[in-house]
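First the structure, in the form of C-alpha cells, and then the observations on it.
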Number of protein chains: 2
Amino acid sequence: MQKISDARTIQALMHKNGLTDIFGPDVTGMELRTYADREMICSMGDTLDGLYVLVSGKLKVYTLLPNGKTMLLRFSRPPALIGDVEWMAQYPVKNNVEAVGACSLLVITRELILEKQANNPAFLWFMIQNLSHKLYTLGNASAMNLLYPVENRFASYLLSLISEENSTGQAEEIRTSTLTETAEMLGTSYRHLNRVIQRLIQEGVLVRKKGRLLILNEIKLRELAGNHLYN
Amino acid sequence: MQKISDARTIQALMHKNGLTDIFGPDVTGMELRTYADREMICSMGDTLDGLYVLVSGKLKVYTLLPNGKTMLLRFSRPPALIGDVEWMAQYPVKNNVEAVGACSLLVITRELILEKQANNPAFLWFMIQNLSHKLYTLGNASAMNLLYPVENRFASYLLSLISEENSTGQAEEIRTSTLTETAEMLGTSYRHLNRVIQRLIQEGVLVRKKGRLLILNEIKLRELAGNHLYN
DNA sequence: ATTAGAAAAGGACATATGTCCTATTTGCTA
DNA sequence: TAGCAAATAGGACATATGTCCTTTTCTAAT
C-alpha cells in the first residue's frame, strides 16, 4: 500500500467521482492510497481510520463464518464505500476487503468526518444511498445464494473475474484464490466445486489451460449466472 | 388497518420510542396506524406514502423470488423502520411486510420528510444507523442461510414465533402460515420441512397437537438455532 | 352428520452436496 | 535438475434436499 498526498491528483479524483458536490471544493484531510493485487484493504478485527472510497480497480469483500470458513459477499467496483457499515454504526469490522488487481482508494479521515461532515446533509445522504444500495444488492445475493445451486453461483463468480478477451476471443479467469478458497467463499466444498468445473468442461463452457480456466462459451456462462449474484 | 389521529397518543409513542429527540417536540404530520394479525403493511409493487416505524407488535418481512416463491428475510420488532431502503433510494418495493399479531406503526408522511427532515442531521443519522443495523443482520442471516441446513433454520424460525409459555411449561407455535408457505420462506420444499419436523418430533423436541407444533424441549431448540438467523 | 376442498403426511426415486481419503500434478526453492 | 510442499483431481460413501405423486387428515360449509 502506498500513500499519495498530491492534492491536485486527489482533487481530480474527487471531482471525477462526484465527491466535490458532497464535500465541497476546498476540502482537506483526504488521502489517496493505492494497493497491489491481493493486498488487504482491511481485515476482520481491524479498527478503521476512516471511510474508504474505491475510485479505480476492483475489490473482493468476504466475511468469516463461525465455522472458520469464508464467504464471498460481493465484488465492488467504483464508486464504492468501504467501512461505512462498521464505522458509522460502530460495529467491529467483520469483513475482509482484498484488492483484485491494482486499486486506488480515497480515504476520508476520521477527523474530516467528525469535525466537518457529521452534520453535512449531502454527505449523510451519500451514506444513506450507499447503504440502501448495499442492502438492496445483498438482499438479492442472499436470495440467490439460497435459491441457486453451486453451478449457477460459480458461473456468476467467474463472470465477476474475467479479464478482457484475448486475441483468440476467449476470456480468461483472473485467479485471485486457490480453488479451495474459492469453494469456501461460495459456501461449498472443494470436491463439489471440482465436480461443477468438470461438468462445465464436459459441456464445452470452460477449458483448463495451464492451471487457469478459460471461458469457451461466455453466452452459456451468462445464462447459467442469471442475475449476477456478486455484482 | 385503522388510522388513529389522537395527537396525545402519537406524542406519547414518539417519546417512548425516542423519536422526539430526532424530530423535535412539536412535530406534526405523523400518523398512527394499527394492523390486525396477518394484515399487510406493504406489498411488492406498492408505492410507499412515507416511512413506517413499528412501535408495538411484530412483523414478518419476506421477499418474492424470481421463481415465484417467497423467502423470509427477517422478523422485525420495535423499534424498526419499514420502507427506508425503498423510499430513500427510490427502489421499488420488493418485500412484503405482514403483521404477526396486532401491530402499531407510526407513519412519517412524505411531506414531513421532504419539507422538514431531509436536512435534519439527527433524522439522517437515525436512518444511517437503522440501515447499518439491517445490513449487519442481513449479512449474518445470509451467511447462516448458506451455512446451516434446514433443521437449524427452522429451529430459529420457530423461536421467532413462539408465544409465551402456557401453564404446562410448553411454548406453542404461532401459526402464521401453512407449512407449505413456511417451507417456501425457508427456501426448502414442503417435503423436506416435513422430514425435519418428523425428526424433531422423534427426538422429543416438538410434538404435534391439533395441527399446531408444541415445543417440548426449548433448550434443544435454541441449541439447534444457534445464532438467531431471523432476528 | 356429511361432503368437499385444502392442508398435511409420507413413499419412491432422483440430484446436489459433504466428508474422508488417496493419488497426481504443479510450482517453488535449493 | 531434484525434491518437497501445496494445490489439484477424483473415488467411495454418506447426508441433505428436491420432485412427483398418492393417501390421509382436517376444516369449513351445508
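Keep in mind the model is a prediction, meaning the values are calculated, not measured. Scope of the values below: all heavy atoms of this structure, side chains included, with no hydrogens, waters or symmetry mates.
What separates CZ of A:Arg208 from P of D:dA7 is a distance of 16 Å, to the nearest Å. At whole-Å resolution of the value, CG in A:Leu224 and P in C:dA16 are 12 Å apart. Remark: P of D:dC26 and CG of B:Leu213 are 14 Å apart, rounded to the nearest angstrom. Nucleotide D:dG10 holds its C1' atom 13 Å from the CG atom of A:Leu193, rounded to whole Å. Computed from coordinates, the A:Tyr148 OH to D:dG18 C1' distance equals 15 Å when rounded to whole Å. In this structure, B:Leu146 atom CG and C:dG18 atom C1' are separated by 13 Å, rounded to whole Å. Atom CG of A:Asn152 and atom P of C:dA16 are 10 Å apart (whole Å). A:Glu184 has its CD atom 12 Å from the P atom of D:dT8, to the nearest Å.
Taking only side-chain nitrogens and oxygens, A:Gln198 comes nearer than 4.0 Å to OP1 or OP2 of D:dG10. In this structure, B:Asn194 does not reach the C:dA8 phosphate: none of its side-chain N or O atoms is under 4.0 Å from OP1 or OP2. Residue B:Thr188 places at least one side-chain N or O under 4.0 Å from the OP1 or OP2 atom of D:dG18.
When all heavy atoms of A:Thr34 and A:Ser104 are compared, the pair lying nearest together is CG2-OG, 3.6 Å. Across B:Tyr62 and B:Leu72, no two heavy atoms sit closer than the pair CB-CA, 3.9 Å.
The only member of A:Leu200, A:Ile197, A:Leu158 that meets side-chain contact (heavy atoms from CB on, under 4.5 Å) when paired with A:Val205 is A:Leu200. Of the candidates A:Val53, A:Leu105, A:Val107, A:Leu105 is the only one forming a side-chain contact (heavy atoms from CB on, under 4.5 Å) with A:Ile82. Screening B:Glu184, B:Glu98, B:Lys60 for a side chain to side chain donor-acceptor pair (under 3.5 Å) involving B:Ser177 leaves a single residue, B:Lys60.
When distances run from any side-chain atom of B:Leu179 to the nucleotides C:dT17, D:dA7, C:dA8, the shortest one goes to C:dA8.
Overall bending of the helix from C:dA1-D:dT30 to C:dA30-D:dT1, expressed as the angle between end axes built from five pairs apiece, is 30° (10° steps).
Using a 4.0 Å heavy-atom criterion, one finds that B:Glu151 contacts no nucleic acid atom at all.
No salt bridge links B:Glu218 with B:Lys220; every basic N to acidic carboxylate O contact stays at or beyond 4.0 Å. A salt bridge between B:Glu203 and B:Arg199 is absent, with no side-chain N of the basic residue lying under 4.0 Å from a carboxylate O of the acidic one.
Although no hydrogens or angles enter the test, the distance criterion places no donor-acceptor pair under 3.5 Å between the side chain of A:Ser156 and the main chain of A:Arg153.
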**Request:** Between protein and nucleotides 19-29 of chain C, map the contacts as a letter string: B base, S sugar-phosphate only, - none, heavy atoms under 4.0 Å, written 5' to 3'.
**Result:** B----------
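How far CD of B:Glu39 is from CE of B:Met1: 7.0 Å, rounded to the nearest 0.5 Å.
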